[in-house]
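All ligand and atom numbering here is 1-based and tracks the order in the structure.
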Amino acid sequence: MKIAILPGDGIGPEIVAEAVRVLGALDLKFETETALVGGAAYDAHGHPLPEATLALARQADAVLFGAVGDWKYDRLERPLRPEQAILGLRKHLGLFANLRPALCYDALVQASSLKPELVAGLDILIIRELTGDIYFGQPRGRRTAVDGHFPGAEEAFDTMRYSRPEIERIAHVAFQAASKRASASGRPGARGKVTSVDKANVLETFQFWKDVVSAVHAQYPDVELEHMYVDNAAMQLVRAPRKFDVVVTGNLFGDILSDEAAMLTGSIGMLPSASLDANGKGLYEPSHGSAPDIAGKGVANPLATILSVAMMLRYSLQQPQAAERIESAVQAVLAAGLRTPDLWSEGTSKVGTREMGEAVVAALAGAAGDALRSGRTMTRIKS
Ligand code: NAD
């Protein structure tokens, strides 16, 4: 198994170093190769996604990505900006399914913007279609209106569209994920549930979406399917988020709902993500950006990237037990009271990026509490 490591810019190299440390602590053999991406690649090679980086990502079984971007590149023409590297990787690798778990750890219940009783035990998976919808539909542009309320006025327009195969493949991803989650829960007779989010009452594209998702559902009798309008879904996510299991939706609605769901869990520094192709190959990255404001200070939270490694083991490398070990280790360090500054509150121990990575490695060996108590492996940050 070969993993391409693309640390990127800002805090990217710091958090990826900790994720690689955790990967190395598993008793598994992987080949890894590192390459530049984003602003770092632009500085060295004049392009945010050099040919060599793309070739490495193509050959690899999975890609571990940090983050890209910095304000100093804002004046570059759009195709040379660091963020274009992500769009290029998605396009060239055919990554059409974005998976974002929103999981509220017991130890972080207080960090959520919702009341603890609403989010305790929250575990939902948002699946967003990544390559279609109004973001990519043609035609789009500006023109002079020939009809509508103001004929002759300047107007802008985009095209919302989805083809049957595009909807079918993302629906399969959702039903399979729900089925896997139900069997992994260990609850006898547990049944997965998919909530398909649409706007079928107004949009032709999403009436079609609903019809196609229903047709695919016939192949998954073990999974329950419900349809929900996007306005209601936005409301239910803050009213009763635990009613959801797997949520599947299009690119535009998914963009918004996945950020809303993310906030239920407390910190952006905790959220992993996966973008998968049709064969299970994926790009794994934290949901946050390169955080230039804290880069180089050793205070970034590496847990989203470490949890992205767990997703990589589960979805691309077929190592679900190793994935669970990492997730349990993260839970253990949080339960032991360790927090990077983004999560710190009175009564918990403030640690830096490296110490957090080391604590997860110690917890993999069953020693998170020991490490905290002895203080031997921790250089605490004075709060
Ligand atoms: P950001 O996610 O980088 O930062 C937002 C805030 O969250 C900042 O205050 C930051 O310090 C904090 N933060 C983010 N990750 C953190 C972590 N792991 N630990 C602790 N705190 C963390 O978003 P932004 O500031 O809007 O964007 C900064 C740069 O990142 C921009 O150039 C943007 O284009 C880029 N960006 C890249 C990606 C990506 O690489 N996938 C995604 C979003 C933004």
Identify every side-chain donor-acceptor pair in residues 94-107 under 3.5 Å, counting partners at least two apart or on other chains, and give the distances.
from: Asn98; atom 1: ND2; to: Ala274; atom 2: O; distance (Å): 3.3
from: Asn98; atom 1: ND2; to: Ser275; atom 2: OG; distance (Å): 3.1
from: Arg100; atom 1: NH1; to: Asp259; atom 2: OD1; distance (Å): 3.2
from: Arg100; atom 1: NH2; to: Asp259; atom 2: OD1; distance (Å): 3.3

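At least one N or O atom of Val68, backbone or side chain, sits closer than 3.5 Å to an N or O atom of ligand 1. When only interatomic distances are considered, the shortest N/O to N/O separation between Trp71 and ligand 1 does not fall below 3.5 Å. For ligand 1, none of its N or O atoms has an N or O atom of Asp342 under 3.5 Å away. Residue Ser287 places no N or O, backbone or side chain, under 3.5 Å from any N or O of ligand 1. Residue contacts with ligand 1: Gly289 is placed with a nitrogen or oxygen under 3.5 Å of a nitrogen or oxygen of the ligand (distance criterion only). For ligand 1, the polar-atom distance check against Val299 finds no nitrogen or oxygen pair separated by under 3.5 Å.
Distances from atom 21 (N) of ligand 1 to the heavy atoms of Thr305, Asn301, Ile294 put Ile294 nearest.
Taking every heavy atom of Gly69 and a limit of under 4.0 angstrom, the matching atoms of ligand 1 come to 32 (O). Taking every non-hydrogen atom of Glu285 and a distance limit under 4.0 Å, the qualifying atoms of ligand 1 come out as 41 (N). Close approach of ligand 1 to Ala67 is summarised as follows: ligand atoms under 4.0 Å from at least one heavy atom of the residue are 40 (O). Residue-ligand proximity, Ile86 to ligand 1, at heavy-atom distances under 4.0 Å covers atoms 39 (C), 40 (O), 41 (N). Which parts of ligand 1 touch Ala300 is read off a 4.0 Å heavy-atom cut-off, strictly below it: atoms 19 (N).
Within the 4.0 angstrom cut-off, atom 5 (C) of ligand 1 has no protein heavy-atom neighbours. Protein non-hydrogen atoms do reach within 4.0 Å of atom 33 (C) of ligand 1. The protein reaches atom 15 (N) of ligand 1 closely, with a heavy atom under 4.0 angstrom from it. In this structure, atom 27 (O) of ligand 1 has its sub-4.0 angstrom surroundings free of protein heavy atoms.
Side-chain atoms of Glu14 come within 3.5 Å of backbone N or O of Gly296 as a donor-acceptor pair. Distance alone, capped at 3.5 Å, places no donor-acceptor pair between the Lys199 side chain and the Asp231 backbone.
Side-chain contact between His288 and Ile15: present, with at least one pair of heavy atoms (C-beta onward) separated by less than 4.5 Å. The shortest distance between side-chain heavy atoms of Asp277 and Leu93 does not fall below 4.5 Å. Lys210 is not listed as a side-chain neighbour of Ser196, based on a closest heavy-atom distance of 4.5 Å or more.
Ion pairing between a basic and an acidic side chain is recognised when a charged N comes within 4.0 Å of a carboxylate O; Arg140 and Asp158 show such pairing.
Tyr73 and Leu89 end up in different hydrophobic clusters when Ile, Leu, Val, Met, Phe, Trp and Tyr side chains are linked at under 4.5 Å. By the rule that hydrophobic residues join a cluster once side-chain heavy atoms approach within less than 4.5 Å of another member, Leu114 and Ile124 end up as members of one cluster.
Of the candidates Arg242, Lys243, Arg181, Asp123 forms a salt bridge (Lys or Arg N to Asp or Glu O under 4.0 Å) with just one, namely Arg181.
Side-chain N/O atoms of Glu129 and Thr131 include a donor and acceptor closer than 3.5 Å.
The ring pair (Phe, Tyr, Trp, His ring centres under 6.0 Å) contacts involving residues 191-212 comprise Tyr162-Trp209, Phe206-Trp209, Phe206-Phe253, where partners must be two or more places apart or lie in separate chains.
From the protein, the heavy atom lying nearest to atom 8 (C) of ligand 1 is Asp293 OD2, 3.5 Å.
The part of Glu83 lying near ligand 1 is the side chain, judged by heavy-atom distances below 4.0 Å. Counting heavy atoms closer than 4.0 Å to ligand 1, residue Pro292 contributes side-chain atoms (C-beta onward) but none from N, CA, C or O.
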